[in-house]
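Report on the structure given below.
Residues take their numbers from the sequence shown, with the count starting at 1. Quick caveat: nothing in here was measured; it's all calculated off a predicted structure.
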Amino acid sequence: VEVDLVPGGGSGSRPRTPRPLADFEPARAEVNAKLAALGLPELTPAMLVAIRLYLGTMGKNKYNVALRAKAGMPGFEKGLEERNRGNTYVQTLHTISAAVKSLAKIAQSVPVWRGVAGGLPEKSFLFFDAKQSRISHSLLTHLDKHGIRGGVEICAAGCSPKEAVSVKWGTSADVGVVFEIQAGVQRGAETGAFGDYPEISEITYPPCTFMQVTGVRVKRNFVM
């Protein structure tokens, strides 16, 4: 397991601090009480471990690499072999997805934001260079044959109900994108209580979430 304890390694405000799983048992018990009230299965200890791993540096450095490589995104095959040593973490990814979907069933439907830093190539809308981007598919500027405009995020998508947090991430490079997501029946999971930075109130959408574009606007040096 990799850890990132350097200053600014996570939210940018303070370094990560190692914590035992026992610290998160009260939050798991609270979640399970809500699930039980709806007659739903509990968030298991294995799911707790998976969420903790994803919200740490394993998510960005290992799991997302595996998902993007298997999705055929250029540049990630090398990372899969060198960084992951060929490990696709199949079981862990299934457990993360199950945990996120379980938590989403008791989440509130609220607007959230997701900041992505990177560059925008010419003649395309929200299509980043796959070697640099954290977005897995382009979000098309035109409607497809079904009248839909949007794309699929291959990896789990971390968001926040606090716009300023996402704007900070989205403006950490010369050009950025901030997604303003209006939740509906499909809601993100409230994972903030299980992360290292609960103050950002993280909301996580499961891998392969489709995002439909309803509008685009430019604010300062980033697209929303």
Side-chain angles (χ1 to χ4, degrees), residues 1-38 40-64 92-93 95-117 134 153 155-172 178-207 209 211:
V1 176
E2 296 185 354
V3 294
D4 180 359
L5 300 179
V6 299
S11 69
S13 59
R14 56 183 170 79
R16 297 181 187 273
T17 303
R19 298 172 62 188
L21 286 175
D23 282 3
F24 303 95
E25 281 301 324
R28 189 171 79 91
E30 182 178 348
V31 162
N32 283 338
K34 294 178 180 179
L35 289 170
L38 297 175
L40 299 172
E42 70 169 4
L43 185 77
T44 66
M47 289 179 175
L48 170 59
V49 172
I51 285 291
R52 284 290 297 149
L53 288 171
Y54 169 73
L55 294 175
T57 55
M58 290 289 286
K60 174 183 177 181
N61 295 330
K62 300 286 188 177
Y63 307 145
N64 288 356
T92 304
L93 287 167
T95 308
I96 291 169
S97 181
V100 170
K101 291 177 181 178
S102 180
L103 289 170
K105 293 176 181 177
I106 57 172
Q108 296 294 310
S109 181
V110 297
V112 295
W113 288 263
R114 172 171 168 79
V116 180
R134 284 180 262 168
E153 172 56 89
C155 304
C159 311
S160 174
K162 301 178 180 180
E163 182 180 2
V165 172
S166 296
V167 169
K168 178 181 178 180
W169 281 108
T171 56
S172 61
V178 177
F179 293 92
E180 181 178 345
I181 302 170
Q182 300 295 330
V185 175
Q186 183 177 9
R187 306 181 297 278
E190 296 175 357
T191 54
F194 301 104
D196 294 312
Y197 303 96
E199 63 271 16
I200 70 174
S201 304
E202 182 164 346
I203 304 291
T204 305
Y205 279 84
T209 294
M211 296 185 182

List the steps and the verdict of side chain to side chain contact (heavy atoms under 4.5 Å, CB included) for Arg52 and Asp196. CA-CA 9 Å; Arg52 284 290 297 149; Asp196 294 312; 3.3 Å; yes

Side chain to side chain contact (heavy atoms under 4.5 Å, CB included) for Val165 and Tyr197? Distances and angles first, verdict last. CA-CA 12 Å; Val165 172; Tyr197 303 96; over 6 Å; no

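In this structure, NZ in Lys101 is found 8.5 Å from CD in Gln186, a value given to the nearest 0.5 Å. Interatomic distance, Glu30 CD to Leu43 CG, rounded to the nearest 0.5 Å: 12.0 Å. The distance from atom CD1 of Ile51 to atom CZ of Arg28, rounded to the nearest 0.5 Å, is 12.5 Å. With values rounded to the nearest 0.5 angstrom, Thr191 atom OG1 is found 5.0 Å from Leu55 atom CG. Between the CZ atom in Phe24 and the CZ atom in Arg19 there is a gap of 3.5 Å [rounded to 0.5 Å]. To the nearest 0.5 angstrom, Asn64 atom CG is 8.5 Å from Leu93 atom CG.
Considering every non-hydrogen atom in both Met211 and Ala157, the closest pair reads CE-CB, 4.2 Å. When every heavy atom of Thr95 is checked against every heavy atom of Ala50, the shortest pair comes out as CG2-CB, 3.6 Å. Pro26 and Asp23 make their closest contact through CD-O, 3.6 Å (heavy atoms, listed as atom of the first residue, atom of the second, distance). Ser201 approaches Pro161 most closely through the heavy-atom pair O-CD, 3.0 Å.
The closest side-chain heavy-atom distance from Cys159 to Ile181 is below 4.5 Å. Residues Val100 and Tyr54 have side chains not in contact (no heavy-atom distance under 4.5 Å, counting atoms from C-beta outward). Side-chain contact between Phe194 and Thr204 is absent, with no heavy atoms from C-beta onward closer than 4.5 Å. Contact annotation: the side chain of Glu190 approaches that of Gln108 to within less than 4.5 Å [non-hydrogen atoms, C-beta and beyond]. No side-chain heavy atom of Glu42 sits less than 4.5 Å from a side-chain heavy atom of Met47. Between Leu35 and Leu103, the closest side-chain pair of non-hydrogen atoms is not below 4.5 Å. Side-chain atoms of Leu40 and Lys105, non-hydrogen and from C-beta on, do get closer than 4.5 Å to each other. In this structure, Lys62 and Leu53 have side chains that are not in contact, with every pair of non-hydrogen atoms separated by 4.5 Å or more.
With hydrogens and angles disregarded, a donor-acceptor distance shorter than 3.5 Å links the side chain of Ser109 to the backbone of Ala183. When atom types are taken as modelled, the side chain of Ser160 and the backbone of Ile200 share a donor-acceptor pair closer than 3.5 angstrom.
Screening Glu202, Glu163, Glu153, Glu180 against Arg114 for a salt bridge (Lys or Arg N to Asp or Glu O under 4.0 Å) leaves a single residue, Glu153.
Checked against ring-ring contact (aromatic ring centres under 6.0 Å, His included), Tyr63 has the following partners two or more places apart in sequence or in another chain: Tyr89.
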